[in-house]
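Some notes on the structure that comes next.
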Amino acid sequence: MKPVEVTIGGVRMRVEPTGSVSPQRTESLARELIRGLMGTNAAPTIEVVRGPGAGSKRDLPPPEATWIIGRGDEATWVLLDEDLSREHVELVRGWDGVTIRDLGSKNGTRVDGVKIAEPTMLRDGAKIELGNCELVFRDPAERHLHGELMASAPAAVQPDLPTAPTVIVEASGAKSSRMTFGIAAVTCAVAMIALVWVLAS
C-alpha cells in the first residue's frame, strides 16, 4: 500500500503501512478504538434471557479482569440455579475480546449450541447455556465495527493484507490550545479513515 498524505491548514499528516499484522489483531485494535470513542456505553455485557435471574444484566469489567459465574457465594455473579456448579464458568475480558472457559462444571457449558471444552472467544450475540440459564453476550463496539465499518470489507480477508498504519503529524506556525485541539481532532479523524482503509483493503 502507498502512503496517504493529508494537509489541512498548517497541519500535514501522512499515513503509511509499517508491517503486517493478523486480521484478529487489526480487529481488536479497531474494536478498542471504537470502544474509546463510544465511551461508557461500549462495555461488553452479559444478560440472562432465560432461567433464574432472567432480565438481569452485567457489564464486564475492564480488560485483564476475570469474572466467575456460578451458584456459589465465591462466584462474581451468583445465579441461583441448582444445575449450575458453584464456580461454573470463567469470563476473561482481554485486549483481544472476551473469552469464556468452563471450570469443570457438572453439566457443561454451551456456546451457540456447541459444548465447549477449551477457552472460547465470544462474538457479539453469542448465546451461552449454563444449566437452566441462557445468557446472551453483547459487544456494542464489535457490532458497530461489523455493522458499519466492515460493510464494504470483502468476505474473506487475506492474513497478510491488513497492516498497522502509522500517522505522522507535522504542524507549522504558533501553537495554541485551539490549534492543539484541532490537530488532535484531525488526527483522530485521519486515524479512523486509515483504519477503515486498512480493513477494507
- With rounding to the nearest 0.5 Å, note down the distance linking NZ in Lys57 to CG in Asp59. 7.0 Å
- Message: Starting from Val92, can I reach Ile68 by hopping between I/L/V/M/F/W/Y residues whose side chains sit under 4.5 Å apart?
- Response: no
- Item | Heavy-atom pair of closest approach, residues Arg58 and Trp67 | CB-CH2, 2.9 Å
- Query: Got a second to check how far Leu79's CG is from Leu130's CG, nearest 0.5 Å?
  - Reply: 7.5 Å
- Are Val78 and Val89 in one and the same hydrophobic cluster, where Ile, Leu, Val, Met, Phe, Trp and Tyr link if side-chain heavy atoms are under 4.5 Å apart? no
- Message: Quick check for you: to the nearest 0.5 Å, what is the distance between Leu103 atom CG and Arg86 atom CZ?
- Response: 13.5 Å
- Message: Which residues pass the side-chain hydrogen bond (donor to acceptor under 3.5 Å, both in side chains) test with Glu90, not counting sequence neighbours?
- Response: Arg101
- Query: Is there a donor-acceptor pair under 3.5 Å between the side chain of Asn107 and the backbone N or O of Asp83?
  - Reply: yes
- Message: Rounded to the nearest 0.5 Å, what separates atom CG in Leu135 from atom CD1 in Ile46?
- Response: 6.0 Å
- Query: Is Leu84 linked to Ile116 within one hydrophobic cluster, defined over Ile, Leu, Val, Met, Phe, Trp and Tyr using a side-chain heavy-atom separation of less than 4.5 Å?
  - Reply: yes
- Under 3.5 Å: donor-acceptor pair, side chain of Asp124, backbone of Asp139: yes
- Message: If I compare all heavy atoms of Ala75 with all of Gly70, which pair ends up nearest, and what's the gap?
- Response: CB-N, 3.6 Å
- residues 109-120 vs salt bridge (charged side-chain N to carboxylate O under 4.0 Å, His left out), sequence neighbours excluded, gives none
- Query: Roughly how far apart are Glu134 CD and Lys127 NZ, rounded to 0.5 Å?
  - Reply: 6.5 Å
- Given the rule that I, L, V, M, F, W and Y join up when any side-chain heavy atoms are under 4.5 Å apart, are Trp77 and Val111 in one cluster? yes
- Look at Glu47 together with Arg138 and state whether they make a salt bridge at an N to O cut-off of under 4.0 Å. yes
- Non-neighbouring partners of Ser105 that pass side chain to side chain contact (heavy atoms under 4.5 Å, CB included), sequence neighbours left out: Ser85, His88, Asp102, Thr109
- Spacing of CD1 belonging to Ile69 relative to CG belonging to Leu91, to within rounding of 0.5 Å: 4.5 Å
